[in-house]
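So that the names make sense, note that chain A is the first sequence line, chain B the second, and so on, each numbered from 1.
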Amino acid sequence: MPSAQRSLIRPRIHHRDIKERLVEAFLFICATSAVAVTTAIVVVLVYESAGFFERVSIVDFLTDTMWTPLFAEARYGILPLLCGTLLAAGVALLVAVPLGLMVALYLSEFAPVKVRESVKPFLELLEGVPTVVYGYFALLFVTPLLQNVIPDLPGFNVLSPGIVIGIMIVPYVGSVSEDAMRAVPNALREASYACGATRLQTTLRVVMPAAASGIAAAFVLGIARATGETMVVAIAAGQQPNLTLDPTEPAATITAYIVQVALGDLPHGSIGYQSIFAAGLVLLLITLLFNILAHLLRMRFREAY
Amino acid sequence: MSAVVTAVPFATQSVSADPKVKSRIRGLNFYYGNLQALKNIDMVVYEHAVTALIGPSGCGKSTLLRCFNRMHDLTPHTRYEGEIRLYPDDVNIVSSDIDPIEVRMRISMVFQKPNPFPKSIYENVAYGLRVRGVKARSELDGRVEAALRGAALWEEVKDRLEEPGTALSGGQQQRLCIARALATDPEIVLFDEPTSALDPIATASIEDLIISMAGSVTILIVTHNMQQAARVSSYTAFMYLGELVEYGPTTELFTRPRHQRTSDYLTGRFG
Amino acid sequence: MASISPSIAVEAAVPGVAEIRANVVRRRRWDIVFAVVGFLATSVGVVTLLALFVDLVMDGYHRLTPDFFLSFPSRRAAEAGILSAWVGTCLVMMVTAAIGVPLAVSAGIYLEEYAPRNWVTTLIEINVSNLAAVPSIVYGLLALGLFVYALGFGQSILSAGLTLALMIMPVVVVATREAVRAVPHTIREAAYAVGATRWQATRDHVLPYSIPGIATGVIIGLARAIGETAPLITIGALTFIAYLPDPPISTKPPFVSFDWLWSGFTVLPIQMFNWVSRPGTAFHANAAAAGIVIVVLTLAMNGFAIYLRYRLRKRITW
Ligand SMILES: Nc1ncnc2c1ncn2[C@@H]1O[C@H](COP(=O)(O)OP(=O)(O)O)[C@@H](O)[C@H]1O
Ligand SMILES: [Mg+2]
């Protein structure tokens, strides 16, 4: 009898085994698609940029101060776009650093549980608003508002989208830094309070320094986001490459340029078409750089706790 | 009842003939939400003596200790009833009229696990002074040195005051925390199982330190180690399930406990 | 209970105490100041959200008529509508959901339930977190080079859906992993104990328990995809589309058709972008009206996801 039973079970086990392997193989392939996508991004950007750099020298690309790909005498200097990108990100950061820090400090150390629990969903919703809507808001609400203060502010400028991007990344920067502050062991807070410190002193002298590298990582990730932000600047900053550090002027960012070209009708394979991949590659490298920096900062933070 | 604890070596902690009362607990109840963790505690704490709180785990020792510096105010839904009067000015430090920060400026604390700040040794000790607004370098220098000497750490660290406090060994870290607690000239220092995270040698040095401090400051220490209580304290309180079962001079409590529970605990029948 | 008769020596008030009190009052003040300032800073977000919404409603509510939903874009602002845009959004989202969700959920399950601790797994994990940080417009460039030209899908709904599917993948992977991780080991052990295979245990026990968590991630991912504009502009979504793609279902055999996958398209955010970037103000009301539709849609989805997660956390599991 036992042998008969076994023969009944065996084939099923065998069948199950094959199915198990197939499922696992399928799941594995899905997971490796992440690697495939990354590879594809790099390949596409590098391949198309290579075509671009066959026609434009890298030195010109990095040092020329004009970006006029659509002119008869086209010039491809990335500096104006880079400058516009960093200027917008800089303005955003000026807004997001103080606000994000305050939000994180308040929510992590000051807010009663009830306030925290009811405010955080709103902040998450703020993160969920599509960027094109923020672009509308920057162009048609914030800019007119700013024009009351700065009368000769042009309709397109970097200031207004910069501010809006700043507010837009506050929830993100705030919640990442809040996580860092919450990871500070309670024993340190208790030690501080036991020394007679107030809440603010504990927050500023103990919690914030202890979480400093985590907070810094949050801000670096915030810059990375601001740098890659597209629609707000494409709508509200104007799309003229402009090598300036004055945020009240219009300017184009790398992302806005890509949008501008994509909206036009550049033939596949033309230098204009290739130029957006070169610009995209620069953007990717910048975000990669910021993300590596954030990663290192976070490692330092994790090491400490 | 015969002497129940024979193996315990008593320190030479004498009970002075006419001790001054530093603090008096009267009818103290304490609640975590609906859970009553302390039940009608009555007790006195004598000035410049070491008083130990012992009892099985979860009986409320830490809870009672933390009432003394209002640490519970940091936890939501906690409530004090009754009083802990602090002398000589006779204020009820658990009253809601008294700012917990004021209480913590007078009564400092050393925790179970050493918890130095990720700052330099110097800044760790100076922290309590800095938050009070002391800025003058000369005053800070002097008081940091005095506190480190008081914590028997000065000789070991005087040449590396700028190194991080977290780089010290466990025993040194705990002495650093003691120095931090001493730097502000507290009236009472609270210790919550200060040696439970330390090795025996470090433990011995902390115990010596506590005994030597007792001449100048009032000390309340929680310990679940009866030998430690016997070694360092002049008075011992035995707690059980949130109640104070028995309180008296350490030698008396250990040799002639008046309650069955106390002697059961001391002989290791539970806890 | 027991106590020792004490002799209290009450002295006159301790000289230090008055000083201590003054010191506390002085320092306490800053606590209050910061609590107020911190609260205000935190409300900036909420206020912005309100201002943004009120601004949209003020500018655009009068355009929200049935005609607006049923008309094609037009050169005359008052006659233009979002018919092709919302239909396009629906179709693109179908592709995104059909491709992106199974892909990402499978990847998440693999990483959490199957993956051995080796360098391949580490590589995959690094790639997932990197992809989360890649700006959305770079996905557009990828799609332009890969889907539109290399694979020859053209500027179609298929290309758009695939692009957004890849873009939301990291979000859904992370949510899936968290949800799966939260299922306690005892559940798996119980399944194995009665002879279930790994996949059976996963399919019948782990997945059902983690569905709310996965759903949260999927909804947030799709909401993000609905609002996403830049990558679709990059692949060349047209903004003036006065026709609808072929319907997916027909009355004649074979009843289903996939021709729509190859159709040109526009979507709501692109339509809004198009209107907001027209010079002059005539089209701005249309942009605002489209904005209301987008915001209501995405906020409702995000709100639902947040609510789902809130309920998940509140239910003290296991
Ligand atoms: N933060 C808290 N919230 C709720 N209950 C607590 C809290 N801290 C302690 N308790 C409870 O109060 C009782 C006394 O705890 P504790 O004072 O820490 O005991 P001990 O220090 O004597 O071991 C225990 O039953 C414990 O579970
Ligand atoms: Mg305890």
Side-chain angles (χ1 to χ4, degrees), chain A residues 16 20 23-24 26-28 30-35 37-38 40-41 44-45 48 99 102-103 105-107 110 119 121-126 128-133 135-137 139-141 167 170-171 198-200 224 228 230-231 235 255 258-259 262-263 268 276-277 280 283-284 287 291, chain C residues 27-28 30-31 34-35 37-39 41-42 44-46 48-49 52 55 103 106-107 109-111 114 123-124 127-128 130-131 133-138 141-142 145-146 149 166 169 197-199 223 227 229-230 233-234 236 269 272-273 276-277 284 287-288 291 294-295 298-299 302-303 306:
Chain A
R16 266 170 44 155
E20 280 291 304
V23 168
E24 180 165 353
F26 172 76
L27 296 177
F28 176 72
C30 288
T32 48
S33 67
V35 184
V37 174
T38 314
I41 288 176
V44 167
L45 289 186
E48 298 286 359
L99 269 184
M102 291 292 270
V103 166
L105 291 174
Y106 177 73
L107 288 182
F110 277 77
V119 166
F122 274 100
L123 292 181
E124 278 182 71
L125 282 184
L126 202 61
V129 175
T131 53
V132 66
V133 176
Y136 178 97
F137 187 64
L139 181 68
L140 298 176
F141 185 84
I167 292 176
V170 161
T198 60
R199 199 170 277 273
L200 185 61
T230 307
M231 295 319 293
I235 291 173
T255 52
I258 297 174
V259 164
L263 283 171
H268 175 51
I276 61 177
F277 289 89
L283 179 66
L284 187 67
T287 26
N291 276 283
Chain C
R27 289 189 287 143
R28 270 278 190 206
W30 291 105
D31 268 22
F34 187 85
V37 174
F39 181 79
T42 310
V44 167
V46 181
T48 307
L49 194 61
L52 189 148
D55 181 42
L103 186 73
S106 303
I109 290 173
Y110 177 80
L111 289 175
Y114 284 82
L123 182 72
I124 295 173
N127 274 285
V128 170
N130 276 346
L131 286 178
V134 170
S136 65
I137 196 157
V138 172
L141 291 172
L142 163 71
L146 185 67
Y149 290 112
L166 298 185
M169 191 174 141
T197 62
R198 180 127 68 157
W199 171 239
T229 323
I233 293 179
T234 311
M272 178 178 179
F273 171 64
V276 77
S277 31
H284 288 169
I294 299 173
V295 168
T298 51
L299 287 199
N302 275 295
I306 292 169

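Side-chain atoms of C:T229 come within 3.5 Å of backbone N or O of C:G227 as a donor-acceptor pair.
Proximity to chain A (any heavy atom under 4.5 Å) is shown, for C:V128, by both the backbone and the side chain. Looking at C:V276, both its backbone and its side chain come within 4.5 Å of chain A, counting heavy atoms on both sides. When heavy atoms are compared at a cutoff of 4.5 Å, A:I41 approaches chain C by way of both its backbone and its side chain. Contact of A:A224 with chain C is not made at all, since no heavy-atom distance falls under 4.5 Å. Contact of A:P171 with chain C is not made at all, since no heavy-atom distance falls under 4.5 Å. Of the atoms belonging to C:I233, heavy atoms from both backbone and side chain fall under 4.5 Å from chain A. In this structure, no portion of A:V170 lies under 4.5 Å from any heavy atom of chain C. Both the backbone and the side chain of A:L126 come within contact range of chain C, each with at least one heavy atom under 4.5 Å from a heavy atom of that chain. Only the side chain of C:I306 comes within contact range of chain A, judged by heavy atoms closer than 4.5 Å. Only the side chain of A:E20 comes within contact range of chain C, with heavy atoms under 4.5 Å apart.
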- Task: Run the numbers on A:V129 and C:L49 for side chain to side chain contact (heavy atoms under 4.5 Å, CB included), then give the verdict.
- Result: CA-CA 9 Å; A:V129 175; C:L49 194 61; 3.6 Å; yes

- Query: Can A:N291 and C:N130 be said to form a side chain to side chain contact (heavy atoms under 4.5 Å, CB included), step by step?
  - Reply: CA-CA 8 Å; A:N291 276 283; C:N130 276 346; 5.5 Å; no

- Task: Assess whether side chain to side chain contact (heavy atoms under 4.5 Å, CB included) is satisfied between A:L105 and A:F110, documenting all intermediate values.
- Result: CA-CA 7 Å; A:L105 291 174; A:F110 277 77; 5.6 Å; no

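Residue-environment remark: CZ (C:F39) stays at or below the threshold of 12 foreign heavy atoms within 6.0 Å.
Most heavy-atom pairs under 4.5 Å with chain C, from the set A:T287, A:L107, A:V23: that is A:V23. Contact tally against chain C (heavy-atom pairs below 4.5 Å) for A:T198, A:L283, A:T230: the top residue is A:T198. Contact count against chain C (heavy-atom pairs under 4.5 Å) is highest for A:I235 among A:L45, A:L123, A:I235. Looking only at heavy-atom pairs under 4.5 Å with chain C, the residue among A:F26, A:F122, A:F141 that has the most is A:F141. Of the listed residues C:L131, C:I294, C:T298, C:T234, the one with more heavy-atom pairs under 4.5 angstrom with chain A than any other is C:L131. Between chain C and the residues A:T131, A:V119, A:I258, A:L284, the largest count of heavy-atom pairs under 4.5 Å involves A:I258. Of all the listed residues (A:P121, A:G280, A:C30), the one sharing the greatest number of non-hydrogen pairs under 4.5 Å with chain C is A:C30. Ranked by heavy-atom pairs shorter than 4.5 Å toward chain A, the options C:A223, C:A230, C:S277 are led by C:A230.
Between A:V259 and C:F273, some side-chain heavy-atom pair lies under the 4.5 Å cut-off.
Every residue two or more places apart in sequence or in another chain was checked for a salt bridge (charged side-chain N to carboxylate O under 4.0 Å, His left out) with C:D55, and none qualifies. When the salt bridge (charged side-chain N to carboxylate O under 4.0 Å, His left out) test is applied to C:R198, no partner is found at least two apart in sequence or on another chain.
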